[in-house]
Amino acid sequence: MAVLNPNGQYINGHASTTTTSSIPNGHPTKDTLNGNFDRHQIVDEEKKFTQDLNAQIKEWGLLDAGFNYNLVAVFGSQSTGKSTLLNRLFGTNFDVMQNNKRQQTTKGIWMCRGHDMNVMVMDVEGTDGRERGEDQDFERKSALFSLASSEVMIVNLWEHQVGLYQGANMGLLKTVFEVNLGLFGKKAQDGTSGRTLILFVVRDYAGETPFDNLTTSLKDDLDRIWESLVKPAELKDVKLGDYFDLDFTHLPHKIHQPERFEQEVQVLRSRFVDRSREDFLFKPLYHKRIPADGVSFYMSNIWEQVQSNKDLDLPTQQELLAQFRCDEIAAVALSEFNEQAKSQKRPVEAGNVVPGLGGLMHNWRQGALERYNQDASRYNQAVYKRKQAELLNTIDATLSPLFLGQLKNLHKQRLGAFKKALQDGLKGEEYNYADVVKKARSDCIETFSEAAQEACIEGPHWSWQEELELLEEEIKGVADQFRKDETKKMVSLIERTFKKAISEPVEVALTKASTKMWDIVLRTFKERLQKAEASYLNKAISFNCTEEENTHSIAALRKRTWLALREKINEQTGETAILGKLRAHFEERFRYDEQGTPRVWQPEDDIDGAFKKARDETMDLIPRYAKIETQDPDLSFELPSDEDSPLSEEAFDFEESLIVLSETKSLEITNKFKKESDAYFVEAKRSTVVGIAQIPTWMYGLLLILGWNEAMFVLFNPLYLAMMLILGAGGYIILQLGLAGPVYQVARTVGGEVQRQVSSKLREHFTDEAMIQQQQQYRPQAARNGTSTSTDDGDDAWREELNQKHM
């Protein structure tokens, strides 16, 4: 089992014998006593990159690891325990500082493989060491090298260094960030280089200050130095988080709290080892995607770029003065420029086209540049030119939204004018669609091009061709939409004309229900359809429609006219309509003879035979109505069915559209017609029964003989005779005037009212008698109970009680 020795190194067994020695000439050293991997110096004190790193990687057993490895580096001030931390975290054997001396231990950059893990660990020479003094060149280059090549860079610092600028190496980090952005920023932005995790390890954390406050302080410092960087123009808007992820942790005091220190180190180690942890640090997005056998070449190229970069050199005092003054002069010129540009910013943002905007922007730009050149040209020319370019970039970045906004507003304005021109040109009947579109498009493009050319100023590489192409595409889309709308209107008008043309012929044909009924209907349909297609093609010429569009529109027109025909057929073959047609046909056959004379049925007539014949002939019409079938093959008509219709739409099946009445509907209509025809049969039978049941003539003679005396009494009595004459005359007048119904209704109403009044009177009469009887029963009982002292009081009580009972 591997354990830690007092120097923080992993050893086998329980012995803790180690050797610590300086390694001259960068040659690998093998610790034969503890069996750990050799450490190797990859950059020496003279800033030279060793060439045998590949051989050392092979000895570590990682040459064939492919992408299955990780790379971590440490960065921090000298003598802060960086090597000790690496030894404890990864089981490496880097040299550590002796407790009785405070001097530089790690010189240059060293690398070692971690114990029991595929991790290459870099130990970087500490910063701010007295050995190098003011020579900060190696510090900047080694920090930049470790930041660019590692997946995780550990920043090792003490708690009391948090909040310091130089103590926390913030000045060095600023330089490193700035140069890293210039060298590798584009690759990181394009995704060709992985992100880097910066892990801040706060050492000797006492706990008096909340760690969240320390974390916030570090983040604020990093954001502040990032905002102050001089970034390339194409990367001026990038943020720290676009390239680096930040993580923070702390460790207790190694001397005063050794047990807690070892425990926290093991917890931190697990974050590098245990992939199942959510806070695992070696995430795939940090990997540089360099195979292990290419690490040596990759790191050599990075060191070469770092060595040759001049931006790591400190500027001279003359350059510093030029930078300060040029920044001041540019700020004044930019302030005046911003005030001028602000005046037109609101109208452009409001969607208005500003006349002469290009000339205004040119004057603003030239004025700001002249004011800058007048005062800044006396200083260092390199700084003067660089700041001039930065000023122009800032000015152009301010003017660019105005230019683009002007183009957008022009685009919107001209597109609206194009739509208006089309609407005006397509009014009325006599117009040529192609000519209207051509003229409107020409006016729109010409006006837009002139205004866009005026808004484009010299200097910035602006272009309005893309906006013009977008405008042309939208013009084409609008024109196509107008054409589609006009075509739809034309087809709808043709369809309405078609409906009117077929309405009466179809109605007549379906009413007669002859054997050639459907031939007549389809002949009429095809004639009207041919006229409709000819009308469409004549009008479509002016729309400049393609052959494909005409074919599609003709197909749509045929389908719509067929559906219009089916709609008219459905109207004439609805249940009520078809029952009426069947009833009329039956009556014509049953109630009228061959000459069209109404039949008066006699008992000797064959009612059953006539009824059966009329009903059978009528019922033969139902199958004829049920399906559209022609007897003449030349009159047949077909449409393609919709095989791939969307799920949201009902698919059109032409064969199904030929069926007018389904079997179920036909059966239902047959049953209803049978019931109605039975009623006609019963009526005919009754008429013969009425004729048979007439009173014999001799009965009238018998009645005259038996009633002779009574008749003579009435005739010879003046009163009865007058009454009979009056009643007879009144009855005759009522019948002649057709007032029999109203007289009957009046008599019935009067009789009902008389009955109601009589019932009400009878009810009141019997109610009064019941009340008198109850009064007679109540008075003796009240006298016995002593509830009344006088007759009046007893009557009142009695009435009140009766009223309550009857309520």
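Aromatic rings of F145 and F75 (six-membered ring for Trp) have centroids beyond the 6.0 Å cut-off, not under it. Side-chain rings of H250 and F200 stay apart, their centers remaining 6.0 Å or farther from each other.
Ion pair D396/R365 flagged as a salt bridge, since at least one NZ, NE, NH1 or NH2 atom sits closer than 4.0 Å to an Asp/Glu carboxylate oxygen. A salt bridge is defined here as a Lys NZ or Arg NE, NH1 or NH2 lying under 4.0 Å from an Asp or Glu carboxylate O, and K254 with D204 fails to meet this definition. With salt bridges taken as basic N to acidic carboxylate O contacts below 4.0 Å, one links D95 and R39.
The closest donor-acceptor contact from the side chain of Q161 to the backbone of W158 lies under 3.5 Å. With hydrogens and angles disregarded, no donor-acceptor distance shorter than 3.5 Å links the side chain of R260 to the backbone of P252. In this structure a side-chain-to-backbone donor-acceptor pair under 3.5 Å is missing from T84 to G81.
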Name the atoms and distances for all side-chain donor-acceptor pairs under 3.5 Å in residues 206-220, with sequence neighbours left out.
from, atom 1, to, atom 2, distance (Å)
T215, OG1, F211, O, 3.0
T216, OG1, D212, O, 2.8

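The two residues C112 and N93 come nearest to each other via the heavy atoms SG-OD1, 3.8 Å.
L285 CG to E151 CD: the interatomic distance, rounded to the nearest 0.5 Å, is 9.5 Å.
Not a single side-chain hydrogen bond (donor to acceptor under 3.5 Å, both in side chains) links Q257 to another residue, sequence neighbours left out.
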